[in-house]
Each structure stands twice: as C-alpha cells, then as structure tokens.
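Please read the structure below before turning to the comments.
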Amino acid sequence: MTRAREARPLPRAAYERETLAVAHDLLGCRLVHDAPEGRTSGRIVEVEAYHGEDDPACHAAAGLTARTAPLYGPPGHAYVYFIYGMYHCVNVVTRDEGLPSAVLIRALEPLEGLDLMRRRRAARAPGRGNGVAIPHRALCDGPGKLSVALGLTLAHNRLDVTGPPLWIESDPGHPDPEVVWTPRVGITVGTERFWRCIAKGSPFVSRSPLNREIAPRPVLR
DNA sequence: GTACAGATAAACT
DNA sequence: GTTTATCTGTACA
C-alpha cells in the first residue's frame with residue numbers, strides 16, 4: 001500500500017543555494033506559523049528575490065546596518081522589517097553567511113486557520129469591519145496582508161525558519177506549479193530585474209498590473 | 001476595471 | 001528631516 005510522504009520543514013541546505021533557485025522552489029511549499037492562539041498556514045504563490053549589495057532594490061544596497069544585519073546572517077532565518085508605518089514584510093535569508101540575499105514572501109493561498117486570519121485582518125482593517133467577511137482570496141494576497149494574517153511582526157525577525165514555531169515545508173501531494181517571472185513590485189530601482197516569481201494562474205497572488213508581464217527564467221549577474 | 005491620496009513609524013542621513 | 005520591498009477607501013470610467 002502506498003504511504004503519503006510526510007511534509008517536513010525544509011532543511012537549512014534548501015536556503016543555502018542560489019537565491020533565484022530558492023525563490024522558484026519555494027512556490028508550492030507551505031508557510032506555517034504556530035502561534036499561542038493557533039496555527040495559520042498557506043501555500044506560497046508569489047515571491048521576490050533580493051540579492052546582494054549590487055542590487056539597488058535590496059536593502060543591503062545601503063550596506064550593513066542594524067536593520068539589514070539579518071540579510072548578512074546565516075540562511076534559513078527570517079528577515080522581517082517594518083514598512084510604511086503600518087506593515088511588516090517577511091523574507092527568508094538565502095545563500096552564505098556574509099552575502100546579503102533573501103526571498104520576500106509576497107502572497108499565500110490560505111490553507112489553515114482561516115478564521116484566525118480573518119480576525120487578525122479585521123482587527124487591523126477597520127474599513128472592512130462593516131459585516132462583510134474578507135474573502136478567501138484576499139486574506140494573504142500581499143506581503144503586508146500575509147504578515148497580519150499569520151501574526152508575524154518584528155518579534156519574528158531573525159527567527160530560525162527550519163522548525164517550530166515558524167517554518168516552510170514542502171507539499172509532496174501538491175503538483176509543482178507552473179511559474180512566471182515578472183519585474184518586482186513596489187520599487188523604483190532595480191525594476192529591470194525580473195526577480196518576481198508567481199504561480200501561474202493563481203487567484204491568490206497580489207493585485208498587480210505586472211501579473212500580465214511574463215519573462216523567461218532570469219539569471220544572476 | 002484603473003488612479004490617487006492618506007495613514008503611520010522605524011531606520012537611516 | 002527623509003524615505004519606505006503597502007494597503008485601503010474613494011472617485012471615476
């Protein structure tokens with residue numbers, strides 16, 4: 001009889017690789033956060049790569065500072081930063097220690113803990129609180145939204161993501177998604193690098209006109 | 001469907 | 001004092 005392979009957290013070696021390869025391979029995996037108030041998880045459907053001090057859009061372009069230190073740290077750890085006075089963005093550090101590189105998680109297909117996600121989102125989006133539940137597809141369709149939905153904040157910065165309470169696991173039962181590369185979103189420099197990777201056709205990716213642009217798999221310079 | 005203003009605080013210069 | 005890897009509501013087509 002066949003036995004379903006068990007999903008296990010990706011090992012550190014999965015992150016100690018070329019960043020675009022990591023970005024590509026994270027699509028289809030599940031991001032899981034076990035918080036005291038419950039578990040939330042979602043399938044990764046959109047990511048972006050930020051690589052090196054030569055990448056003008058990478059925070060490490062400004063060099064090593066208190067904020068960017070995690071990017072220079074060991075792979076398989078979270079780099080969480082606070083942005084626009086309101087939101088957090090969650091990255092996973094890649095490559096070798098000392099070489100600043102990471103993958104930004106931009107959107108998830110919500111899988112577990114949808115009620116908890118809705119409560120967290122509604123508490124932070126008063127305009128949505130007029131009795132209309134946030135639809136499934138809009139719970140985690142952006143980096144700020146998924147951080148709220150999963151309850152991730154600066155408290156999780158530098159956390160090891162190879163095991164509880166926060167980890168990424170493969171999903172052996174799920175087919176590898178077809179992927180599309182596009183320019184990265186929300187930046188004013190480095191837009192010539194097509195380092196955003198999305199699961200083709202997923203209704204759970206962030207709203208962006210760039211969703212229509214496609215490109216072949218890029219290479220690191 | 002697209003376009004824009006405003007909210008709001010940490011980190012950096 | 002300036003910048004920011006965002007989101008939301010409102011306005012308009």
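Below, read A as the first sequence line, B as the second, and so on, with proteins coming before strands; counting in each chain starts at 1.
- Helical stems in DNA chain B, defined as runs of 3 or more consecutive Watson-Crick or G-U wobble pairs with donor-acceptor distances under 3.5 Å: B:1-7 with C:6-12, B:9-12 with C:1-4.
- Rounded to an integer number of Å, the gap from OH of A:Tyr84 to P of C:dT6 is 5 Å.
- Protein chain A contacts DNA chain B from B:dT2 to B:dC12, reading 5' to 3' and using non-hydrogen atoms of the protein with a distance under 4.0 Å.
- Residues A:Ala49 and A:Leu20 share a closest heavy-atom pair of CB-CD2, 3.5 Å.
- Between the CG atom of A:Asp141 and the P atom of C:dA5 there is a distance of 19 Å, given to the nearest Å.
- A:Arg120 places its CZ atom 17 Å from the P atom of C:dC7, with the value rounded to the nearest Å.
- Note on residues 169-184 of chain A: pairs passing salt bridge (Lys or Arg N to Asp or Glu O under 4.0 Å), not counting sequence neighbours, are A:Arg30-A:Glu169, A:Arg30-A:Asp171, A:Arg43-A:Asp171, A:Asp55-A:Arg184, A:Glu178-A:Lys200.
- Scanning residues 96-112 of chain A for heavy-atom distances under 4.0 Å to DNA chain B yields an empty list.
- A:Arg67 comes within 4.0 angstrom of sugar-phosphate atoms only, judged by non-hydrogen atoms across all strands, and of no base.
- Proximity of a side-chain donor or acceptor of A:His156 to a complementary backbone N or O of A:Thr153 within less than 3.5 Å is detected.
- Here the C1' atom of nucleotide C:dA5 and the NE2 atom of A:His51 are 17 Å apart, to the nearest Å.
- In this structure, CZ of A:Arg196 is placed 14 Å from C1' of C:dT6, rounded to the nearest angstrom.
- Cluster annotation: A:Ile168 is connected to A:Val47 through the hydrophobic network of ILVMFWY side chains, with a link wherever side-chain heavy atoms come within less than 4.5 Å.
- Classification of A:Arg120 and A:Glu37 as a salt-bridged pair holds, one side-chain N sitting under 4.0 Å from a carboxylate O.
- Summarising the geometry, the separation between NZ on A:Lys145 and C1' on C:dG9 is reported as 13 Å, rounded to the nearest angstrom.
- Shown are A:Val185, A:Val103, A:Asn91; of these, the side chain to side chain contact (heavy atoms under 4.5 Å, CB included) with A:Glu48 is made only by A:Val185.
- A pairwise comparison of heavy atoms in A:Ile134 and A:Arg118 identifies O-NE, 2.8 Å as the closest pair.
- For residues 146-166 of chain A, the pairs satisfying salt bridge (Lys or Arg N to Asp or Glu O under 4.0 Å) are A:Arg12-A:Asp160, with sequence neighbours left out.
- By the 4.0 Å N-to-carboxylate-O rule, A:Asp141 lies too far from A:Arg137 to be salt-bridged with it.
- Here the P atom of nucleotide C:dG9 and the CZ atom of A:Arg207 are 15 Å apart, to the nearest Å.
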Next item on the list: Could you give me the CA-CA distance, side-chain angles and deciding distance for A:Thr94 and A:Glu16, then say whether side-chain hydrogen bond (donor to acceptor under 3.5 Å, both in side chains) is met?
Entry: CA-CA 5 Å; A:Thr94 61; A:Glu16 204 162 16; over 6 Å; no
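- Residue A:Tyr87 is in base contact, counting any heavy-atom pair closer than 4.0 Å across all strands shown.
- Applying the ring-ring contact (aromatic ring centres under 6.0 Å, His included) test to every pair with at least one member in residues 81-124 of chain A, sequence neighbours left out, gives these pairs: A:His59-A:Tyr81, A:Tyr79-A:Tyr81, A:Phe82-A:His88.
- Distance A:Met86 CE to C:dA5 P: 15 Å, rounded to the nearest Å.
- Counting any heavy atom pair closer than 4.0 Å across all strands shown, A:Gly144 reaches sugar-phosphate atoms only and no base atom.
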